[in-house]
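Because the structure is predicted, anything quoted here is derived from the model rather than measured.
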Amino acid sequence: MSAAEGPLVVGVDTSTQSTKALVVDVSTGRVVASGQAPHTVSSGAGRESDPRQWWDALCEALRQCGEAAHEAAAVSVGGQQHGLVTLDEHGDPVRPALLWNDVRSAPQARRLVAELGGPKAWAERTGSVPGASFTATKWAWLAEHEPEAVRATKAVRLPHDYLTERLTGQAVTDRGDASGTGWWASGTERYDEETLAHIGLDPALLPRVVRPGEVAGTLRDGHDLPFSRGTLVAAGTGDNAAAALGLGLRPGTPVLSLGTSGTVYAVSRHRPADPTGTVAGFADAHGDWLPLACTLNCTLAVDRVATLLGLDREAVAPGGSVTLLPYLDGERTPNLPNASGLLHGLRHDTTPGQLLQAAYDGAVHALLGALDLVLDEDADRDSPLLLIGGGARGRAWQQTVRRLSGRPVRIPEARELVALGAAAQAAGLLTGEDPAAVARRWNTTAGPVLEAVPQDEETLARISGVLSDAAPLLERATEDR
């Protein structure tokens with residue numbers, strides 16, 4: 001490791017599949033060391049993980065960082081949103097965490113929306129209309145199906161909260177991640193007593209919401225991590241809010257993220273409240289808002305189609321009139337939590353490459369359809385889309401987004417933006433800067449721009465038509481399960 005110019009910080013990304021840690025030079029943004037360790041996720045009807053493996057993965061990732069982690073002065077954790085972590089009186093998991101992409105709580109989500117005033121009332125109070133991804137619906141599912149687990153629960157956390165608490169001993173969260181629970185009211189920026197009472201969750205079980213820029217705690221004694229005593233720990237935040245920090249986003253700049261899930265979002269100065277439920281009215285991690293739309297099926301779904309066809313993921317072919325809606329895990333946008341994939345327009349001359357391209361088109365169509373709702377009146381609708389996430393490096397993803405959006409596309413060279421955003425948040429504790437300003441100083445959005453091409457309106461209209469015509473079938477699948 002070469003000598004750093006300034007103090008060092010650690011940014012952590014604990015995602016669905018793995019935990020990554022970056023040691024970053026605060027002065028330059030240079031990554032001086034990194035580590036990564038995997039998680040396991042259950043298959044079948046639910047999506048669950050044991051939170052203790054997140055801690056083990058964090059320890060291993062930090063071990064890989066070596067001496068650089070020991071020199072760090074501050075650390076912050078960004079993590080997968082919405083997951084329900086239930087802990088007993090000793091701080092041990094009562095059961096595996098219910099993850100964001102576990103859609104078993106879809107019936108509870110529908111009931112909660114209806115019982116507490118309908119979509120408009122939910123949007124006005126919490127900023128979002130909860131679906132099966134939201135933590136409140138998962139608690140309601142747990143109370144209905146595993147009441148003994150609820151009785152044993154003495155603390156409720158989100159994934160990033162769990163790791164922050166193990167680092168500091170403090171029960172804390174931040175407004176960005178709290179805003180994805182369904183029990184945090186965006187209008188008052190407090191836990192919503194009516195919602196908590198309705199789902200039977202004692203607010204005493206929840207962590208304290210710390211203010212942006214506030215120190216969550218210091219590294220506690222008693223565990224074998226490569227940090228110095230007194231290392232500062234930031235509040236952390238959800239993965240999308242962390243990535244927004246990592247990009248140093250200014251209001252109105254659109255982001256399209258291609259990962260296990262797909263998301264579109266932009267920072268806004270205006271509190272969002274979309275009664276259709278398409279846009280989640282999340283808070284960001286530094287005082288503004290982060291209207292966001294999310295799909296469940298993105299890179300993993302398209303890769304699965306490629307595997308079924310025996311193709312490399314880049315082996316797409318143009319032409320044809322086939323439509324593929326890749327709703328392999330149900331879908332969140334549109335809200336069809338128990339739907340399955342749908343193929344329409346298959347012909348004798350349809351090629352495997354055209355089928356694969358149709359999977360890309362179907363995945364991107366849902367994200368671009370939500371983009372206009374995400375962007376508010378202050379947004380520049382001609383500025384380049386920032387394309388991030390694992391899929392952003394793939395040529396097929398790049399060209400599909402470019403063709404269907406009709407917009408220029410910028411591909412930041414910086415990788416691991418969630419961990420970089422967490423590092424920027426940690427750096428802000430040391431320098432007093434806004435973390436987004438730290439990231440802008442690090443120039444994290446630098447990268448090539450793909451010029452705009454004419455929008456493929458014909459493909460967009462065809463997919464929209466198939467989705468509309470198939471709605472009764474997809475909705476019936478939701479009701480039957």
Side-chain angles (χ1 to χ4, degrees), residues 14-17 39-42 44-55 77-89 91-113 126 128 130-166 171-174 176-184 191-192 195-209 236-240 260-261 280 282 294 296 329-330 332 337:
T14 181
S15 67
T16 314
Q17 305 292 333
H39 307 157
T40 58
V41 179
S42 68
R47 294 291 185 272
E48 302 180 354
S49 285
D50 184 344
R52 288 169 292 202
Q53 71 174 322
W54 306 337
W55 176 256
V77 179
Q80 55 178 310
Q81 292 183 257
H82 305 304
L84 176 64
V85 180
T86 51
L87 305 176
D88 64 18
E89 66 271 21
D92 295 323
V94 170
R95 68 176 317 283
L98 297 170
L99 303 186
W100 62 274
N101 53 351
D102 188 316
V103 297
R104 287 176 290 178
S105 64
Q108 288 75 23
R110 290 193 294 270
R111 287 204 298 269
L112 283 177
V113 172
T126 70
S128 303
S133 295
F134 280 61
T135 327
T137 72
K138 299 181 188 306
W139 178 263
W141 181 90
L142 195 66
E144 184 173 332
H145 292 273
E146 299 181 19
E148 69 286 353
V150 166
R151 287 191 292 270
T153 297
K154 305 304 178 187
V156 171
R157 303 289 182 262
L158 296 165
H160 105 263
D161 306 338
Y162 172 77
L163 292 178
T164 301
E165 187 167 4
R166 290 201 64 170
V172 294
T173 191
D174 88 300
D177 219 359
S179 67
T181 60
W183 57 57
W184 186 85
Y191 290 130
D192 188 72
T195 301
L196 291 171
H198 191 80
I199 63 176
L201 178 56
D202 183 350
L205 303 186
L206 299 177
R208 179 175 68 91
V209 182
T237 192
D239 52 5
N240 290 298
T260 304
S261 64
F282 295 151
C294 177
L296 293 182
D329 285 324
R332 174 169 165 176

Note to self: Please check this pair: side chain of W55 against backbone of R166, looking for a donor-acceptor N/O pair closer than 3.5 Å.
What the structure shows: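 A pair under 3.5 Å: no.
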Without swapping roles, check the side chain of T135 against the backbone of L84 for a donor-acceptor pair under 3.5 Å.
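A pair under 3.5 Å: no.
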Are side-chain heavy atoms of [X] and [Y] found at a separation under 4.5 Å?
X: D239; Y: S15; value: no
X: L158; Y: P207; value: no
X: V41; Y: L99; value: yes
X: V150; Y: W139; value: yes

Could you state the interatomic distance from [atom1] ([X]) to [atom2] ([Y]), rounded to the nearest 0.5 Å?
X: E148; Y: T153; atom1: CD; atom2: OG1; result: 10.0 Å
X: S179; Y: Q81; atom1: OG; atom2: CD; result: 6.5 Å
X: T260; Y: R47; atom1: OG1; atom2: CZ; result: 11.0 Å
X: L87; Y: L205; atom1: CG; atom2: CG; result: 10.0 Å
X: T40; Y: Q53; atom1: OG1; atom2: CD; result: 3.5 Å
X: W183; Y: I199; atom1: CH2; atom2: CD1; result: 5.5 Å

Q | Partner set under ring pair (Phe, Tyr, Trp, His ring centres under 6.0 Å) for F282, not counting sequence neighbours | A |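 Result, ring pair (Phe, Tyr, Trp, His ring centres under 6.0 Å) vs F282: H82.
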### Query
After noting the C-alpha distance and the side-chain angles of T16 and W100, does the key distance pass the side chain to side chain donor-acceptor pair (under 3.5 Å) rule?
CA-CA 9 Å; T16 314; W100 62 274; 2.8 Å; yes
Pairs involving residues 195-205, ordered by first then second residue, that meet salt bridge (Lys or Arg N to Asp or Glu O under 4.0 Å) (sequence neighbours left out):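 Every pair satisfying salt bridge (Lys or Arg N to Asp or Glu O under 4.0 Å) with a residue in residues 195-205: there are none.
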If I compare all heavy atoms of [X] with all of [Y], which pair ends up nearest, and what's the gap?
X: P51; Y: P96; value: CD-CA, 4.4 Å
X: P337; Y: V103; value: O-CG2, 3.4 Å
X: P130; Y: A109; value: O-CB, 4.0 Å
X: L296; Y: S133; value: CD2-OG, 4.2 Å
X: P159; Y: G83; value: CD-O, 3.3 Å
X: A140; Y: L112; value: CB-CD1, 4.3 Å

#### Entry: side chain to side chain contact (heavy atoms under 4.5 Å, CB included) evaluation trace for Q108 with F134
CA-CA 11 Å; Q108 288 75 23; F134 280 61; over 6 Å; no
Side chain to side chain donor-acceptor pair (under 3.5 Å) against T173, all qualifying residues, sequence neighbours excluded:
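With sequence neighbours excluded, T173 shows a side chain to side chain donor-acceptor pair (under 3.5 Å) to D161, given in chain and number order.
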Point to revise | Pair E48 + R104, salt bridge at N-O below 4.0 Å | key: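 Yes, this pair counts.
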Exercise. Using 30° and 60° as the class limits, which term best fits the ring planes of W54 and H39: parallel, tilted or perpendicular?
Worked result: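 W54 vs H39 ring planes: tilted.
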Next on the checklist: Show, in sequence, the C-alpha distance, side-chain angles and deciding distance for N101 and D329, and conclude whether the side chain to side chain contact (heavy atoms under 4.5 Å, CB included) test is met.
Outcome noted: CA-CA 8 Å; N101 53 351; D329 285 324; 5.5 Å; no
TODO: Kindly indicate, with the supporting measurements, whether the criterion side chain to side chain contact (heavy atoms under 4.5 Å, CB included) is fulfilled by Y191 and V209.
DONE: CA-CA 9 Å; Y191 290 130; V209 182; 3.6 Å; yes
Give the C-alpha distance, both sets of side-chain angles, the deciding distance and a yes or no for side chain to side chain contact (heavy atoms under 4.5 Å, CB included) between L142 and R95. CA-CA 10 Å; L142 195 66; R95 68 176 317 283; 3.4 Å; yes
